[in-house]
Amino acid sequence: LSVGLFYTFTNVQYQDVKKLYILASEYQDVLRNASAIVELRDRLLITYETFPRAEIDRINKVLPDNIDTVRLALDLDSMASRYGISIKNIQVTTGVSENANLIVLPESASVYEKAAVSFGFVSNYENFVRLLVDIEKSLRIMDIKSISFQTSESGLYDYQISTETYWLK
């Protein structure tokens, strides 16, 4: 009777208890990992708070966490206004991709996004070069993709510049 009771009731309950014991040890591992992550986050937060605010602002300008088209247009306009250049028809296109049909696996996905920025202005050659130097020295990462211009008799040229800028996902 005791052998029959063991195989019909006790053994089934014992197997369930073993499964629950394994599950409990997995949960304990997860809790240990979560507490280690929280501890690491706290240490990183303390380190982050020691950085000067000006440096954090500079880092956020190099690779912002979103594309602020208004701020980008204002930055370009302020650079251009130093040389008497008035920027016209700024166009920002987000989500620039070389091949839109390409399937990207999560492990090979990029940590940043691209935006195509094109704008035009009228200026002489010297001020155009000065503006390019300012764009080059700007904290915001901008790759100039193309420059086109049209000449005129007055010595002023009509420039069209296409660039790419980046931001973190």
Side-chain angles (χ1 to χ4, degrees), residues 30-169:
V30 168
L31 286 174
R32 278 192 294 275
N33 289 341
S35 64
I37 290 171
V38 167
E39 186 178 309
L40 177 64
R41 182 204 59 184
D42 291 343
R43 280 188 282 140
L44 290 175
L45 186 60
I46 289 169
T47 304
Y48 179 78
E49 289 173 351
T50 62
F51 292 150
R53 187 70 201 158
E55 294 299 317
I56 293 172
D57 291 341
R58 290 182 68 191
I59 289 171
N60 288 336
K61 189 162 187 169
V62 170
L63 271 177
D65 58 358
N66 63 3
I67 184 74
D68 186 1
T69 55
V70 174
R71 175 65 53 202
L72 179 61
L74 287 173
D75 287 346
L76 286 171
D77 192 50
S78 69
M79 280 189 267
S81 65
R82 290 183 216 152
Y83 308 110
I85 299 173
S86 177
I87 292 189
K88 59 183 178 181
N89 64 8
I90 293 180
Q91 297 175 350
V92 178
T93 307
T94 58
V96 175
S97 173
E98 286 82 27
N99 188 353
N101 296 326
L102 182 66
I103 297 174
V104 179
L105 298 174
E107 59 270 5
S108 64
S110 173
V111 296
Y112 62 88
E113 289 284 336
K114 296 180 184 179
V117 180
S118 60
F119 57 94
F121 58 91
V122 175
S123 176
N124 60 18
Y125 180 75
E126 291 80 20
N127 287 339
F128 164 70
V129 171
R130 290 182 187 131
L131 177 63
L132 284 183
V133 168
D134 277 3
I135 290 174
E136 176 186 9
K137 291 181 180 180
S138 170
L139 285 178
R140 180 180 288 271
I141 298 173
M142 294 181 76
D143 294 331
I144 296 180
K145 294 297 181 180
S146 69
I147 298 173
S148 61
F149 61 93
Q150 293 179 347
T151 62
S152 69
E153 295 289 327
S154 66
L156 296 176
Y157 304 108
D158 188 12
Y159 294 97
Q160 188 67 33
I161 298 179
S162 296
T163 65
E164 274 186 352
T165 187
Y166 309 93
W167 77 93
L168 293 174
K169 287 185 181 178

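Owing to the predicted nature of the structure, the values given are computational and were not obtained by experimental measurement. Side chains included, hydrogens not; waters and symmetry mates left out as well; all remaining heavy atoms used.
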Closest heavy-atom contact between [X] and [Y]?
X: Phe121; Y: Asp158; result: O-OD1, 3.4 Å
X: Gly155; Y: Tyr157; result: O-CE1, 3.9 Å
X: Gln160; Y: Gly120; result: OE1-CA, 3.6 Å

Looking at [atom1] of [X] and [atom2] of [Y], how far apart are the two atoms once the value is rounded to the nearest 0.5 Å?
X: Asn60; Y: Arg140; atom1: CG; atom2: CZ; value: 11.0 Å
X: Arg41; Y: Leu45; atom1: CZ; atom2: CG; value: 7.0 Å
X: Leu76; Y: Ser81; atom1: CG; atom2: OG; value: 11.0 Å
X: Lys61; Y: Arg58; atom1: NZ; atom2: CZ; value: 10.0 Å
X: Thr163; Y: Phe119; atom1: OG1; atom2: CZ; value: 6.0 Å
X: Glu164; Y: Thr93; atom1: CD; atom2: OG1; value: 10.5 Å

Glu49 atom CD, neighbour heavy-atom count above 12 within 6.0 Å: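 More than 12 within 6.0 Å, yes.
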Crowding at OH, Tyr83 (>12 non-hydrogen neighbours, <6.0 Å):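 For Tyr83, atom OH is crowded (more than 12 foreign heavy atoms under 6.0 Å).
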Parallel, tilted or perpendicular, as decided by the 30° and 60° cut-offs, for the rings of Phe51 and Tyr48: perpendicular
Parallel, tilted or perpendicular: rings of Tyr159 and Phe149 (30°, 60°):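 It falls in the tilted class, 30° to 60°.
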Val122/Lys88 under side chain to side chain contact (heavy atoms under 4.5 Å, CB included): CA gap, chis, key distance, verdict: CA-CA 9 Å; Val122 175; Lys88 59 183 178 181; 3.9 Å; yes
Considering residues at least two apart in sequence or located in another chain, which fulfil the side chain to side chain donor-acceptor pair (under 3.5 Å) criterion with [X]?
X: Arg82; value: Asp134
X: Asn66; value: none
X: Ser152; value: Ser154

Exam field: side chain Asn127 to backbone Gly84, donor-acceptor pair closer than 3.5 Å: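 Flag not set: sc Asn127 to bb Gly84 has no pair under 3.5 Å.
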Thr165 side chain vs Ile141 backbone, donor-acceptor pair below 3.5 Å: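 Side chain of Thr165 to backbone of Ile141, a donor-acceptor pair under 3.5 Å: yes, one is there.
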Any Leu132 side-chain heavy atom under 4.5 Å of Ile161 side chain: yes
Sub-4.5 Å side-chain heavy-atom contact between Leu72 and Asp68: no
Ile135/Met79 under side chain to side chain contact (heavy atoms under 4.5 Å, CB included): CA gap, chis, key distance, verdict: CA-CA 8 Å; Ile135 290 174; Met79 280 189 267; 4.2 Å; yes
Salt bridge flag under 4.0 Å for residues Asp143 and Lys114: no
